[in-house]
Amino acid sequence: MPHAHIELDKRAVIAPVRRRTFGAFVEHLGRCVYTGLYEPGHPTANEDGFRMDVVELVRELGSTTIRYPGGNFVSGFRWEDSIGPRDKRPVRRDLAWHSLEPNQVGLDEFAKWLKLTGSELMLAVNLGTRGILPALDLLEYANHPSGTALSDLRIANGTPQPHNVRMWCLGNEMDGPWQEGFMTADDYGKIAARTAAAMKMADKDLELVVCGSSGSAMPTFGEWERTVLEHSYDHVDYVSCHAYYQEFDGDLGSFLASALDMDYFIDTVVATTDHVGYKKRSKKKMQLSFDEWNVWYLKEHQETARVNDEWTYAPRLLEDVYSVADAVVVGNLLMTLLKHSDRVGSASLAQLVNVIAPIMTEPGGPAWRQTTFFPFSITSRLASGEVIRPVIEAPTYDTARHGEASVIDAIATVDDGRAAVFLVNRDLKETAQVTIDVRGLGSTRIIEAVTLADADVYAKNTLAEQDRVTPAANASAALADGILTIELPPVSWTAAALS
Ligand code: AHR
């Protein structure tokens, strides 16, 4: 049985827990919006057509900031299509996902849905096929109180109060050749800087996110960030990071160590932003917005995706069904984001409903939790106060993709007499015995200890078996004389709350 020892000290503070770490992403893609969160006629739909069964699950998930409306979708989007009387809104082709967009949900409707879920909006402007003026128009429509053409139009459309959107994404994945209007770093850096500067002329307190790389495997990774920030550093507040992970060729050991890649990604982007910041003699420390992250079986999607002549509404796209192993990786990635709370100011699990999502729905039918729902909802509920850096002594193993990895990973938070510890066991076969010295926290009592694991690491929740996988109380947890002992089953994610 592998053994690990962890020391926790409340003085080893990394940064405050940022609620925006628990953001998610809603894109007009597949069935995320239509038949996902919006389905008039569904038995649980409210008067605005929103599924209240989904709203309940989103509340339970504990997601905070929601990035909207894309993603690749935003690079072909005319925001004006999605406001005003619904019967007058045009149907458009969405080239990014080869689908028809009916524009029945737009900013004003989505803002109502956000209120139901208690979430904050993070809005993206189209810098792929559009530019500065449409972005400024959207800002005026969304945020100006009244007395101008576009704020009065919003009021006439039934939304008297401004949406007061604070966070704005300056386009999406502009380095990706798949993106409508993709650009060189130089071209994008210039348009992003000009758009950001103009938006801040309207409101200097906006928080603007410039596009970083679409992934650390992009050939331009690093150089992209440097060039874009050379142009835009003074005008923006965040640079984005996107990362998706999956198991390749049955190499579960590497997959379980995916968090090491996220670590490397964050460290590299921080180094690059700081390099540019120092060169500019800037006092600003650029924040990272990790606004797309998840497990996504992208390789399979790329191999099977077919572009045909059919244009349909809300096709079933990217509906990955997640296993226990996937959930362990998601839990570990979220731990990694917390670990970097000093520089990752915002993050978005991509996505929220049906599309590579923790929540699934059937049209006219139920909504249920995927395996990945649990580590997210439990971490969002328990993590509070300040993130502290644990000292971990654990065996390691070799991975083909990420080098040497610790069998056990952990992160902790402390908040006014309460603490939470999050752990993963990456061992494929063995239960790990872990001792955690919590004397430095002053904890004496276990409030709860839950583990997500299964004898079948590929077990999943499906329409037919919606509760096949759920977290269970970890009965091995015991706390005596300041030492928490706990057993972690193979391929598992665990949370323990202490006081
Ligand atoms: O989340 C799915 C897609 O992944 C997004 O639309 C895009 O930004 C990324 O490539």
Side-chain angles (χ1 to χ4, degrees), residues 23-34 36-37 63 65-77 93-99 101 110 122-129 167-183 188 192 209-221 224 228 238-246 258 262 265 288-305 307 314-322 326 330 333 346-360 370 372 376:
F25 178 27
V26 167
E27 178 167 6
H28 283 248
L29 192 183
R31 299 193 309 113
C32 185
V33 174
Y34 304 110
L37 52 93
S63 49
T65 309
I66 308 284
R67 182 169 178 252
Y68 175 85
N72 297 340
F73 169 81
V74 83
S75 291
F77 182 49
R93 293 179 311 178
D94 166 23
L95 302 184
W97 302 105
H98 204 78
S99 314
E101 172 53 53
F110 192 62
M122 176 187 193
L123 200 55
V125 301
N126 175 356
L127 288 190
T129 55
M167 283 192 88
W168 294 76
C169 299
L170 301 165
N172 176 70
E173 295 192 345
M174 295 310 306
D175 60 332
W178 57 86
Q179 199 71 214
E180 286 168 68
F182 67 91
M183 293 175 203
Y188 173 66
V209 185
V210 76
C211 292
S213 296
S214 308
S216 60
M218 294 297 288
T220 47
F221 177 56
W224 172 274
V228 166
Y238 294 83
V239 59
S240 74
C241 303
H242 292 182
Y244 292 102
Y245 298 97
Q246 70 170 99
S258 297
M262 186 184 248
F265 192 159
L288 273 51
S289 169
F290 218 117
D291 47 42
E292 287 189 33
W293 68 272
N294 203 348
V295 170
W296 177 11
Y297 285 82
L298 178 59
K299 185 161 167 267
E300 287 72 4
H301 166 73
Q302 286 167 338
E303 282 167 3
T304 55
V307 174
R316 288 182 185 261
L317 293 176
L318 282 54
E319 299 201 4
D320 288 16
V321 181
Y322 291 118
D326 296 330
V330 164
L333 295 172
S346 181
S348 306
L349 176 70
Q351 300 192 4
L352 187 60
V353 185
N354 287 330
V355 173
I356 45 173
I359 297 168
M360 298 300 288
Q370 293 236 46
T372 53
F376 192 101

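Numbering of ligands and ligand atoms starts at 1, following listing order. For clarity, every value in this text was computed on a predicted model and none was experimentally measured.
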Within ligand 1, which atoms have a heavy atom of [X] less than 4.0 Å away?
X   : value
F25 : 1 (O)
E27 : 5 (C), 6 (O)
W97 : 3 (C), 6 (O)

Considering only non-hydrogen protein atoms, determine which one is nearest to [atom] and report residue, atom name and distance to 0.1 Å.
atom                   : value
atom 7 (C) of ligand 1 : N72 OD1, 3.2 Å
atom 4 (O) of ligand 1 : E292 OE1, 3.1 Å
atom 2 (C) of ligand 1 : Q351 NE2, 3.5 Å

**Prompt:** Sequence neighbours excluded, which residues qualify as side chain to side chain donor-acceptor pair (under 3.5 Å) partners of T220?
**Reply:** none

**Message:** Check contact between F73 and ligand 1, using heavy atoms of the residue and a distance below 4.0 angstrom.
**Reply:** no

Starting at [atom1] of [X], measure out to [atom2] of [Y] and round the result to the nearest 0.5 Å.
X    : Y    : atom1 : atom2 : answer
Y322 : T372 : OH    : OG1   : 6.0 Å
S63  : L349 : OG    : CG    : 8.5 Å
M183 : C211 : CE    : SG    : 9.0 Å

**Qualifying residues under salt bridge (charged side-chain N to carboxylate O under 4.0 Å, His left out), relative to E292, sequence neighbours excluded** = R67

**Prompt:** Is R316 atom CZ crowded by more than 12 heavy atoms from other residues, nucleotides or ligands, each under 6.0 Å away?
**Reply:** yes

**Asked** Which bit of N172 gets closer than 4.0 Å to ligand 1, counting heavy atoms only: side chain, backbone, both or neither?
**Response** side chain

**Message:** Counting only nitrogen or oxygen atoms and a 3.5 angstrom limit, does E173 reach ligand 1?
**Reply:** yes

**Message:** A side-chain contact here means heavy atoms from C-beta on lying under 4.5 Å apart; do F25 and L352 qualify?
**Reply:** no

